[in-house]
Amino acid sequence: PKTEAAKAPAPVAEPSKWDHKITLGASYADGNTERANVTTLYLGVRETEQDKLRLDAGYFWAQDESTESENKFTTGVLYDYNLSERWLVFADGRYDYDEFQSWDQRVQAHLGLGYRLIKKDDVELILRAGAGASKEWGSDNDDIRPEGLFGADFSWDITDSQSLFANYRYYPDFDDFGEFRMTLAAGYEIKIDRADGMSISVGLLDEYQSQVDPGDKNNDIRL
């Protein structure tokens with residue numbers, strides 16, 4: 001006879017699940033002027049108690065009077081690893097292509113620390129600080145540029161059907177103090193009760209670069 005009691009099987013942890021969101025927008029006008037634009041955005045998030053992985057991508061195209069006026073693609077990754085309830089370490093990376101910027105392509109990557117200044121069931125505010133580098137192609141400024149990163153991520157579930165978010169990044173140039181890049185993304189979303197998974201959203205994307213090629217604008221805003 002067996003003398004040891006049968007051991008209960010160890011609980012199997014549920015695999016982490018991905019949340020995916022695709023945003024589509026388009027417009028067309030044909031009258032005194034002819035304009036068309038298309039916007040597509042993707043966001044994928046996988047979160048566990050220990051870490052969080054965020055993937056995003058976007059494509060923006062526009063045409064005015066049969067002349068292309070915008071052709072931009074961007075994709076990025078952000079990984080957070082929790083050290084405690086408040087502290088985390090993060091790594092990020094991004095690739096940008098823009099036909100109408102002072103550069104054609106740009107890559108960037110950073111490492112740093114984050115602190116959850118506010119952590120509630122419906123509201124979260126994360127402060128971030130780190131360092132990394134960026135490089136541009138097709139620009140007068142095409143060296144590898146060491147840079148810092150300071151930013152904040154805010155999210156608020158206002159109700160079960162309404163949410164608000166804002167992400168801010170400031171990148172000071174370590175090689176040329178006084179030069180910097182800055183980005184702001186903000187959005188408001190309302191879920192459609194009778195359409196599972198569907199929602200209406202309004203978003204703002206703003207990118208500022210203090211050093212651009214002659215004749216190019218410093219600021220790039222999309223709504």
Side-chain angles (χ1 to χ4, degrees), residues 13-14 16-21 23 41-58 74-96 107-134 145-174 177-191 199-210 219-223:
E14 288 189 14
S16 58
K17 296 181 180 179
W18 282 89
D19 288 328
H20 302 279
K21 181 168 74 172
T23 303
L41 300 170
Y42 165 77
L43 175 64
V45 178
R46 179 193 63 79
E47 186 171 9
T48 69
E49 293 184 0
Q50 188 62 64
D51 61 1
K52 182 177 181 180
L53 179 62
R54 182 183 186 276
L55 306 174
D56 70 87
T74 180
T75 184
V77 57
L78 173 62
Y79 177 72
D80 291 335
Y81 184 85
N82 297 323
L83 300 175
S84 66
E85 185 177 356
R86 294 284 183 175
W87 289 96
L88 59 90
V89 293
F90 72 87
D92 75 357
R94 180 160 297 278
Y95 167 79
D96 292 302
V107 295
Q108 63 186 59
H110 308 87
L111 294 170
L113 282 172
Y115 179 75
R116 291 184 177 88
L117 186 63
I118 301 175
K119 180 175 172 56
K120 298 181 179 179
D121 290 340
D122 57 347
V123 181
E124 184 176 63
L125 175 61
I126 302 176
L127 305 181
R128 299 179 185 271
S134 65
R145 313 291 293 188
E147 61 184 16
L149 181 156
F150 301 95
D153 296 337
F154 174 77
S155 61
W156 178 23
D157 293 330
I158 304 171
T159 66
D160 290 341
S161 60
Q162 300 180 63
S163 61
L164 178 70
F165 80 90
N167 302 323
Y168 173 78
R169 296 290 186 271
Y170 172 72
Y171 305 98
D173 191 326
F174 287 160
F177 290 100
E179 302 295 341
F180 64 93
R181 296 186 296 114
M182 186 171 60
T183 63
L184 171 66
Y188 173 71
E189 182 177 281
I190 302 176
K191 295 179 181 178
S199 63
I200 298 174
S201 60
V202 177
L204 170 68
L205 299 172
D206 184 14
E207 182 173 357
Y208 179 89
Q209 187 166 354
S210 62
N219 217 42
D220 189 14
I221 301 175
R222 296 177 180 84
L223 180 63

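When reading the values below, keep in mind they use all heavy atoms of this one structure, side chains included, and skip hydrogens, waters and symmetry mates. Residue numbers count from 1 along this sequence. As the structure is a prediction and not an experimental result, all values here were calculated from the model.
Looking at every heavy atom in both residues, Gly187 comes nearest to Leu164 through O-CD1, 3.2 Å. Asp173 and Glu147 make their closest contact through CA-CB, 4.4 Å (heavy atoms, listed as atom of the first residue, atom of the second, distance). Of all heavy-atom pairs spanning Phe90 and Gly114, the tightest one is CD2-N, 4.2 Å. Closest approach of Phe165 to Ala185, counting heavy atoms only: CE1-O, 3.8 Å.
Taking the side chain as every heavy atom from C-beta outward, Val123 and Leu125 never approach each other to under 4.5 Å. Side-chain atoms of Arg54 and Asp92, non-hydrogen and from C-beta on, never get closer than 4.5 Å to each other. Using a 4.5 Å heavy-atom threshold, the side chains of Ile221 and Leu204 count as touching. Between Phe154 and Ile118 the shortest side-chain heavy-atom distance does not fall below 4.5 Å. Side-chain contact between Arg169 and Asp153 is present, with at least one heavy-atom pair separated by less than 4.5 Å. Looking only at side-chain heavy atoms (C-beta outward), Leu41 and Asp56 stay at 4.5 Å or farther from each other. Between His110 and Arg128 there is no side-chain heavy-atom pair separated by less than 4.5 Å. Between Asn82 and Glu49, every side-chain heavy-atom pair lies at or beyond the 4.5 Å cut-off.
Atom CD of Gln50 has more than 12 heavy atoms from other residues, nucleotides or ligands within 6.0 Å.
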Taking it one step at a time, do Arg222 and Asp220 satisfy salt bridge (charged side-chain N to carboxylate O under 4.0 Å, His left out)? CA-CA 7 Å; Arg222 296 177 180 84; Asp220 189 14; 3.2 Å; yes
Report the C-alpha separation of Leu83 and Leu113 in whole Å, then their side-chain angles, then the decisive distance to 0.1 Å, and conclude whether the side-chain contact (heavy atoms from CB on, under 4.5 Å) test is met. CA-CA 10 Å; Leu83 300 175; Leu113 282 172; 4.3 Å; yes
Check the pair Glu179, Arg145 against salt bridge (charged side-chain N to carboxylate O under 4.0 Å, His left out), reporting the backbone distance first and the verdict last. CA-CA 11 Å; Glu179 302 295 341; Arg145 313 291 293 188; over 6 Å; no
Derivation and outcome, side-chain contact (heavy atoms from CB on, under 4.5 Å), residues Tyr171 and Thr183: CA-CA 9 Å; Tyr171 305 98; Thr183 63; 4.2 Å; yes
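For Arg116, the salt bridge (Lys or Arg N to Asp or Glu O under 4.0 Å) partners are Glu124, not counting sequence neighbours.
Using modelled atom types, one side-chain atom of Ser210 and one backbone atom of Phe180 make a donor-acceptor pair closer than 3.5 Å. The backbone N or O of Leu117 sits less than 3.5 Å from a side-chain atom of Arg86, completing a donor-acceptor pair.
Between Tyr81 atom OH and Leu88 atom CG the span is 11.5 Å, to the nearest 0.5 Å. Atoms CZ and NZ, on Arg46 and Lys52 in that order, are 11.5 Å from each other to the nearest 0.5 Å. Considering CH2 of Trp156 and CD of Gln162, their distance stands at 9.0 Å, rounded to 0.5 Å. To the nearest 0.5 angstrom, Tyr188 atom OH is 10.0 Å from Ile200 atom CD1. In this structure, Asp122 CG and Ile158 CD1 are separated by 10.0 Å, a value rounded to the nearest 0.5 Å. From Tyr208, atom OH reaches atom CG of Asn219 across 7.5 Å, with rounding to the nearest 0.5 Å.
Between the side chains of Thr74 and Asp96, at least one donor-acceptor pair of N or O atoms lies under 3.5 Å.
Between Trp18 and His20, the ring planes are parallel. Angles under 30° get that label, and only those over 60° would be called perpendicular.
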